[in-house]
Protein chains: 2
Amino acid sequence: MATIKDVAKHAGVSIATVSRVLNQSEKVRTETVNKVLYAIKELGYTPSALGRQLRTSCTKNILVIVPSISNGFYSAIIEGIKSKATKDGYNIVVGITNDDDIIEQEYIQFLDTKVVDGLIFLSPRRNRKYLKNYLDVYPIVQCNEYGLENAITTIAINNFKAAYDATKYLIDIGNKSIAFVGGEGDYTSVIQRKQGFEKALEEANLEVPKEYFQKTLFNFEGGKLACKYLLELTPAPTAIFAAADIIAIGAIKQIQNIGKQVGKDIDVIGFDDTLIAKIYSPSVTTVSQPRYEIGVIACEMLLLKINNIKIANESSASTSKKTLGYQDIIVPHKLEIRESTKKKEN
Amino acid sequence: MATIKDVAKHAGVSIATVSRVLNQSEKVRTETVNKVLYAIKELGYTPSALGRQLRTSCTKNILVIVPSISNGFYSAIIEGIKSKATKDGYNIVVGITNDDDIIEQEYIQFLDTKVVDGLIFLSPRRNRKYLKNYLDVYPIVQCNEYGLENAITTIAINNFKAAYDATKYLIDIGNKSIAFVGGEGDYTSVIQRKQGFEKALEEANLEVPKEYFQKTLFNFEGGKLACKYLLELTPAPTAIFAAADIIAIGAIKQIQNIGKQVGKDIDVIGFDDTLIAKIYSPSVTTVSQPRYEIGVIACEMLLLKINNIKIANESSASTSKKTLGYQDIIVPHKLEIRESTKKKEN
DNA sequence: TTGTACGCGTTATCAA
DNA sequence: TTGATAACGCGTACAA
């Protein structure tokens, strides 16, 4: 509980000198430095981040807003963010919203209350009109979505092209009737995946019955239900494109339940390449996103913004708005071919 | 960027009055209240948490230290912590250590720097002698381990009894030779599970060859490797007790790879009841921990400590140490029987 | 090279 | 019912 004052008194110097030693900002005689260092050790003193933050109006904290932490998809991105943040002396604060808009807004207010210096959204974007006021003022970055109305810097794969590639692959290995299972909630990324899916089928002159497009809960049960419905259709699809691995796995379990074989009777492809796709039995063909790298890049972009603002504030207060530009960054995706899909022999 | 001062000026009152309105602490004339409220809206003012925290020396932040966020086991606990914390107006800060002691220590210093009011460890405990100094001074709680040297409040299942129960079940369904696969690193919880395992076998007069005890990496590959080794032994075990679901799943994959059937040729049991155990194919018999509840209770205990300290500080500065007692809380476990184990017919 | 003094944005005490 | 003002712990311009 020792403060800088205690240290100063103990060392027989002023608090200014202690501060100088702490920050190595100006020259201090080595002799004095030692006195101060000794006093610090003696008292077990640690500078209060609070006082420092209030003074410098900079917390070295980054807020990461995520719908749920139980989702393997986000965790790798967070690890990426964390890695870059740590390197630059920043800590990350993870805000979990459970997809609740109110909670999300509360977290966003961390910017107002100066608890954090910047914000990274991992959550899919919804109708967030109020965000506009923040975008001009605070450093904010969005992961996994791009090309939307707000002027927000984004990092994502090309979801359209990724879905197109995956669908083309399903066609190439011999499928002519393919179903698409998306999640509920009109996330831009899922919409784009659906568009890529349609484009590939169109190019191959394959038609898709309306019933082949399924919306379901974004989880295991949702995948099971959607698959059950699809396999009871006549004709039933020979392949299922799921907009997420967990949905794909639900579908696989359902296929197994009715005694059919995945990769032989029916192909299933997922999305995101989460851990479970790799270790499931059968392992799941899926579209891989460089999640860790997405996190790293997102953090880099954010720190850039933070520093720009800092510099702008130091020079002139009026130009600060213009320093917050935005851009769309597209990272490469990759198709991971595994056991849940197999080339047909005819 | 408006401050309380701006609001005061705008409303034509003193900052003290603004503060009173904000905190509803003392009586303010409704007329004045309205003036202030109007000014607040007008300026888009949000109180700075920083100033407030500096003044009250209370951040309303809780630090949760976790080895990795990519681990399904921890996420549910975090959700539990978060739920309780939110109810009481606290935010949680998740610190990811990647099992690095240095990083962990840096996070612990958040207590010194007054960035957080308390700390919950989810990470398994290691040799943390330096912790002693913190335990007397700050509110700290440990999840998932108990009965150790330090006087730290803990919340966990009875790992010994849980493993005993699971092993007894394996014996009851007809297994006579059972192997134990633990993770590397001598985590107390794993050691206790091993002891429970041994106790059950001993009671059934079953002997376990030394080679049946395997240590391996705490992941999918580790499970595969350990299983490969075990199945090449003669005699090979008819059942495998894995100290974690992910290890069990590695083992299952390996069993499938060599063309044997899980639940028929070989039983496999996991630990923790993470999502993957439920949805894997086959689904995995496992010991369920009430992870969400563990999080809730941990948070409750921590908030209790935080409030105790607050009260102690208000009355007399000298008694604050004694208010930080400690206790071991044991929560119930449950055996979830699924497809990876099956009763033998003889 | 070092010390004095101010301010960061609050809350809380004391007077008025 | 309100206002003036002293803290909280720190960094830094300015003076010495």
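If you're wondering where the values come from, they're calculated on a predicted model, not measured in any experiment. To find a chain, count down the sequence lines: A is the first, B the second, and so on, and within it residues start at 1. Every heavy atom of this structure was used, including side-chain atoms; hydrogens, water molecules and symmetry mates were not.
Residue-level contact check: B:Thr46 touches the backbone only, with heavy atoms under 4.0 Å from sugar-phosphate atoms and none from bases.
Regarding contacts with the backbone of C:dG3, a side-chain N or O of A:Thr17 is found under 4.0 angstrom from either OP1 or OP2. For B:Arg52 and C:dG9, the shortest distance from a side-chain N or O to OP1 or OP2 is not below 4.0 Å. The side chain of A:Lys5 contributes an N or O atom lying less than 4.0 Å from OP1 or OP2 of D:dC8. Regarding contacts with the backbone of D:dT1, every side-chain N or O of B:Arg29 stays at 4.0 angstrom or more from both OP1 and OP2. Residue B:Ser19 places at least one side-chain N or O closer than 4.0 Å to OP1 or OP2 of C:dT11. Put simply, B:Ser14 has a side-chain N or O that comes within less than 4.0 Å of OP1 or OP2 on D:dG3. A sub-4.0 Å separation between OP1 or OP2 of D:dT2 and a side-chain N or O of B:Thr32 is present.
Across the protein-nucleic acid pair, B:Leu43 atom CG and C:dG9 atom P stand 14 Å apart, rounded to whole Å. Atom CD1 in B:Ile40 sits roughly 10 Å away from atom P in C:dT10 (whole-Å rounding). Residue B:Leu50 contributes atom CG, which lies 16 Å from atom C1' of D:dA7 at whole-angstrom precision. For the pair A:Lys27 NZ and D:dT12 C1', the computed distance is 18 Å after rounding to whole Å. Summarising the geometry, the separation between CG on B:Asn23 and P on C:dG9 is reported as 17 Å, rounded to the nearest angstrom. Per the geometry, CD belonging to B:Gln24 stands 14 Å off P belonging to C:dA12, to the nearest Å. Between A:Lys35 atom NZ and C:dT2 atom P there is a gap of 8 Å when expressed in whole angstrom units. Between the NZ atom of B:Lys60 and the P atom of C:dT11 there is a distance of 13 Å, rounded to whole Å.
Among the nucleotides D:dG11, C:dT2, C:dT10, the one closest to any side-chain atom of B:Ile15 is C:dT10. Residue B:Thr3 places its side chain closer to C:dG9 than to any other of C:dG3, C:dG9, D:dT1. Taking the side chain of B:Arg20 as heavy atoms from C-beta on, and the options D:dG3, C:dG9, C:dT2, the nearest nucleotide is D:dG3.
In this structure, the side chain of B:Thr17 does not engage the main chain of B:Val13 through any donor-acceptor pair within 3.5 Å. Under a 3.5 Å cut-off, the side chain of B:Asp117 and the backbone N or O of B:Lys60 do form a donor-acceptor pair.
Partner A:Leu122 forms a side chain to side chain contact (heavy atoms under 4.5 Å, CB included) with one of A:Ile81, A:Val141, A:Asn71 and no other, that one being A:Ile81.
Side chains of B:Asn23 and B:Ser19: a donor on one and an acceptor on the other come within 3.5 Å.
Scanning atom types as modelled, no donor and acceptor separated by under 3.5 angstrom connect the side chain of A:Arg55 and the base of C:dG9.
Salt-bridge check for B:Lys84 with B:Asp88: passed, with a basic side-chain N closer than 4.0 Å to an acidic carboxylate O.
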Item to complete: Could you please spell out the steps behind the side-chain contact (heavy atoms from CB on, under 4.5 Å) verdict for A:Tyr90 and A:Ile62?
Response: CA-CA 7 Å; A:Tyr90 280 77; A:Ile62 291 172; 3.9 Å; yes
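Where B:Leu54 and B:Val33 each meet DNA chain D at their nearest nucleotide, the meeting point lying more 5' is that of B:Val33.
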